[in-house]
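Okay, structure first, notes after.
Quick note on labels: first sequence line is chain A, next is B, and so on, each numbered from 1.
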Amino acid sequence: MHRLGSLLSHKPLLKPRTPLYSLILSSTFSYSPNSTEIFYDHLLKSCKGSSSLKQIHSALTTAGLITTSPHLSAQIIIKYAKCGDLNMARLLFDNINVCYDEPTSFLCNTMIRAYANVGQCFETIKLYSFMRKTGTFVNNYTYPFVFKACALNLLVREGKVVHGDALKNGFGSDLYVEAGLIDMYAKCGLFVDCRKLFDEMSTKDLVCWTAMITAYEQAEKPVEALILFKMMQQEEGLLADSIAVVSVASAVGQLGDVRNAQTVHGYAFRKSLIEELCVGNSILAMHTKCGNTEKARLVFDMMMERDVISWNSMLSGYTQNGQATEALLLFDEMRDSDCQPTPVTALIMVSACAYLGFLHLGRKFHDYIVDSRMEIDTNLANALVDMYAKCGDLEKAVDLFYGIPPTKRNASSWNALISGYGMHGYGKEALELFSRMQEEGVEPNHITFTSILSACSHAGLIDEGRKCFADMKRLSVTLEVKHHACVVDMLGRAGLLQEAFDLIKEMPSPPSDGAWGALLLACKIHGNMELGKTAASNLLQLEPNHTGYYVLMSNIYAASNKWKEVGKLRQDMKNKGLKKPAAFSMIEYGKDILGFHTADQENPYRHEVYRKMESLAIEMKLAGYLPDISCALHDVEEEDKEHMLNYHSEKLALAFGILKIDHGMVIRITKNLRVCNDCHSAFKIISHIYQRKIIVRDANRFHHFQGGTCSCKDYW
DNA sequence: ATAGGGTTAG
């Protein structure tokens, strides 16, 4: 930074020439190549690869053209720069400059461009300074390169100095220079300077508008971006080109605005812009961010060509919209395509496995990453830590975390590990890690606090959770609604229903469905029908079509034998066309993942599994287990309820595990819905009777059953 | 003979 600053403050040895002088220069020396030059020019233009370039280079040297033809020397420098051989380009540049009395602007611009394009700001600025020292005319071609280099390296100070030079030399109202400046100020985060410059421009072209729109979009101010886009169309009558569409699509995606998405899509279609790869990609990503994977897939299927960004966008679109299975299927297609997966692809697929809880598949992707020698950067390593934790293999998650070099661990790395410990019920460990994270100088963020609060809730660490919440207020961390919801959940599960309700009433912003939902769940666990009604009526205003809340409330009524109320809720659901999501449990068996529905009639193992379940029921009773029939929803005889409980999907999966999985092995089960009270008690007893370790994942929490107890100490 | 604005992951 300092070295660059001193470079710029150098007084030029020669007075820089004025624009007028350059005009004279360019008209006097207007260039026309001879036939030899045209021949070599052609050769250079058609040359591909560095070996043929070297051949042409030596031919040019032999012919003595390198030092006598400014055109050809510039062309070969451009070519070397494009091949990434900046050193050779520079060597040529220096040699040529020795041969001429003064370097030419064109050659310097060419060299500056080469440096700017790869972000070598130090060399860019050195060369700019060299031009000024030697009195080489700095022109409207030079500035955009310098600004680009400054933008890429966030060198605001240097950029401002060059900005001043541009103004002094009369290039302040060159559209190319101004667009470069807008972009530079935006990328450096100086939005005020950026907007001021933009507003003060007498004429603005499409590029300047797009640069300003992109500035807002990148700063996650999509509303402002769209306002500006409307102004551009209405006040200036400018029509968006493909780059403008890409930027606007991104803003619409941030808003998740379905209607605008349709408008942008329609525009891109009518103007045939959607046929361009990058436009197609951005429209695709826009739809997935609006939650519309079907539309996105339609765009994807219609694309004439696809690059890795198209594939990655579609894959992540599925994963983020809860269609991880679709992502897995699409990945198979990708492997048959001519697109090679990148570390970003791997990251998406690892998150898909995390979402599904497919440990076996997650391991396979991990192997795949290692086998294909993909670079595992911090992001990918974090995703792997998260995946192993969410798939139930906490030890492996911990291993991988410590494999990340301490200097490379960021907040997300710590968050993945902390939430991992929290999910598995290790609240004390999560809190310890939280302290260590801060000791090592990593700033906790809102996700860290969510993980910590939820860890306290899962482990029943009420006092610690309260303390943490108080600390957050003290540390002036921005308390979000979701943090309150975590505390409501913690208090509620612990049976402190009134305190939880008070917290909801005290919330600074209107309670989210998450907060009321946590309270409703607590009411179900602790059988509080009155408060449950309050929670449910608030919830049904916020989320009238959320099936889960209807089910919870009807569970509460059912537990108190209020069958009329249960019937009413059922009728409401029917009228709205809502269906209770089917309970579904999966168990890992060797390399397979086997699924069980409630009272499964199609499972190939159902006969032996049902037999085993019947004998398990007897064994459990002998060990003192009492069925918790409040978990059976149906308005039927007690005995039948008991019977029905035995066919909950997770119990069937467990019976299968006891039958088929070798005794020393952990039984891993994943359920899409929360495990019910009765299954929870049953699993504890079975873990004791059969001396098995059982790990169950439900709704993002783990239960480790062993020796008759559960890691969650019944705070679940 | 050289130029400015852009898409995926977290």
Side-chain angles (χ1 to χ4, degrees), chain A residues 26 29-33 37 41 44-45 69-75 77-78 81 104-114 116-117 139-148 151 171 174-184 186-187 204-215 217-218 240-251 253 276-286 288-289 306-317 319-320 339 342-352 377-383 386 410-413 415-416 445 447:
Chain A
S26 62
F29 296 106
S30 76
Y31 176 74
S32 60
E37 284 179 308
D41 183 65
L44 269 171
K45 278 194 179 124
S69 164
H71 170 70
L72 285 178
S73 39
Q75 287 307 313
I77 288 174
I78 293 172
T104 69
S105 296
F106 174 60
L107 222 50
C108 288
N109 287 346
T110 303
M111 200 58 230
I112 282 200
R113 179 175 79 151
N117 279 342
N139 60 16
N140 50 329
Y141 286 93
T142 321
Y143 291 111
F145 297 135
V146 181
F147 295 142
K148 186 179 183 182
F171 288 108
D174 181 285
L175 281 174
Y176 286 85
V177 173
E178 287 176 301
L181 278 167
I182 292 174
D183 186 53
M184 180 189 75
K187 290 212 166 76
K204 309 177 183 80
D205 68 355
L206 181 61
V207 176
C208 296
W209 279 95
T210 313
M212 195 66 229
I213 292 167
T214 306
E217 179 263 311
Q218 292 284 313
D241 65 356
S242 52
I243 296 180
V245 167
V246 166
S247 191
V248 167
S250 183
E276 284 175 53
L277 181 59
C278 50
V279 176
N281 282 348
S282 65
I283 301 276
L284 191 168
M286 173 183 72
T288 65
K289 283 179 188 154
R306 300 184 190 112
D307 63 1
V308 73
I309 293 183
S310 329
W311 286 96
N312 286 352
S313 300
M314 197 63 237
L315 291 169
S316 79
T319 307
Q320 287 181 345
C339 248
T342 62
V344 173
T345 320
L347 178 99
I348 298 164
M349 297 321 294
V350 168
S351 331
D377 65 357
T378 304
N379 290 332
L380 186 50
N382 293 349
D386 188 57
N410 58 24
S412 302
S413 322
N415 290 349
N445 59 24
I447 298 171

Name the nucleic acid region contacted by [X], choosing base, sugar-phosphate or nothing; use a 4.0 angstrom heavy-atom cut-off, strictly under.
X: L315(A); answer: nothing
X: N379(A); answer: base
X: T214(A); answer: sugar-phosphate
X: S313(A); answer: sugar-phosphate
X: F145(A); answer: sugar-phosphate
X: D41(A); answer: nothing
X: N410(A); answer: nothing
X: L380(A); answer: nothing
X: Q218(A); answer: sugar-phosphate
X: S316(A); answer: sugar-phosphate
X: D241(A); answer: base
X: K204(A); answer: nothing

What's the [atom1]-[atom2] distance between [X] and [N], to the nearest Å?
X: I309(A); N: dA9(B); atom1: CD1; atom2: C1'; answer: 11 Å
X: R306(A); N: dT8(B); atom1: CZ; atom2: C1'; answer: 15 Å
X: M349(A); N: dG10(B); atom1: CE; atom2: P; answer: 13 Å
X: I213(A); N: dT7(B); atom1: CD1; atom2: P; answer: 13 Å
X: L44(A); N: dT2(B); atom1: CG; atom2: P; answer: 14 Å
X: M184(A); N: dG5(B); atom1: CE; atom2: C1'; answer: 15 Å
X: N109(A); N: dA1(B); atom1: CG; atom2: P; answer: 16 Å
X: Y176(A); N: dT2(B); atom1: OH; atom2: P; answer: 11 Å

Can you tell which of [options] lies closest to the side chain of [X]?
X: N140(A); options: dA1(B), dT8(B), dA3(B); answer: dA3(B)
X: E217(A); options: dT7(B), dT2(B), dG5(B); answer: dT7(B)
X: Y141(A); options: dG4(B), dG5(B), dT2(B); answer: dT2(B)
X: R113(A); options: dA3(B), dA1(B), dG5(B); answer: dA3(B)
X: T210(A); options: dA3(B), dG5(B), dT8(B); answer: dG5(B)
X: V207(A); options: dA3(B), dG4(B), dT8(B); answer: dG4(B)
X: V344(A); options: dG4(B), dA9(B), dA3(B); answer: dA9(B)
X: N139(A); options: dT8(B), dT2(B), dG4(B); answer: dT2(B)

* **Qualifying residue for side-chain hydrogen bond (donor to acceptor under 3.5 Å, both in side chains) with N312(A), from T345(A), N281(A), D307(A)** => T345(A)
* Would a distance-only check, ignoring hydrogens and angles, find a side-chain to backbone donor-acceptor pair under 3.5 Å from S250(A) to V246(A)? -> no
* Short question: side chain of N140(A), backbone of Y143(A) - any donor-acceptor pair under 3.5 Å? -> no
* Asked: Can you check whether K289(A) has a side-chain N or O nearer than 4.0 Å to OP1 or OP2 of dT8(B)?
  -> yes
* Counting just side-chain N and O atoms, does Q320(A) come under 4.0 Å of either OP1 or OP2 of dG10(B)? -> yes
* Are N415(A) and S412(A) close enough, and set up right, to give a side chain to side chain donor-acceptor pair (under 3.5 Å), and what steps lead you there? -> CA-CA 5 Å; N415(A) 290 349; S412(A) 302; 5.1 Å; no
Spacing of [atom1] belonging to [X] relative to [atom2] belonging to [Y], to within rounding of 0.5 Å:
X: N379(A); Y: L347(A); atom1: CG; atom2: CG; result: 6.5 Å
X: L315(A); Y: T288(A); atom1: CG; atom2: OG1; result: 11.0 Å
X: F147(A); Y: I182(A); atom1: CZ; atom2: CD1; result: 11.5 Å

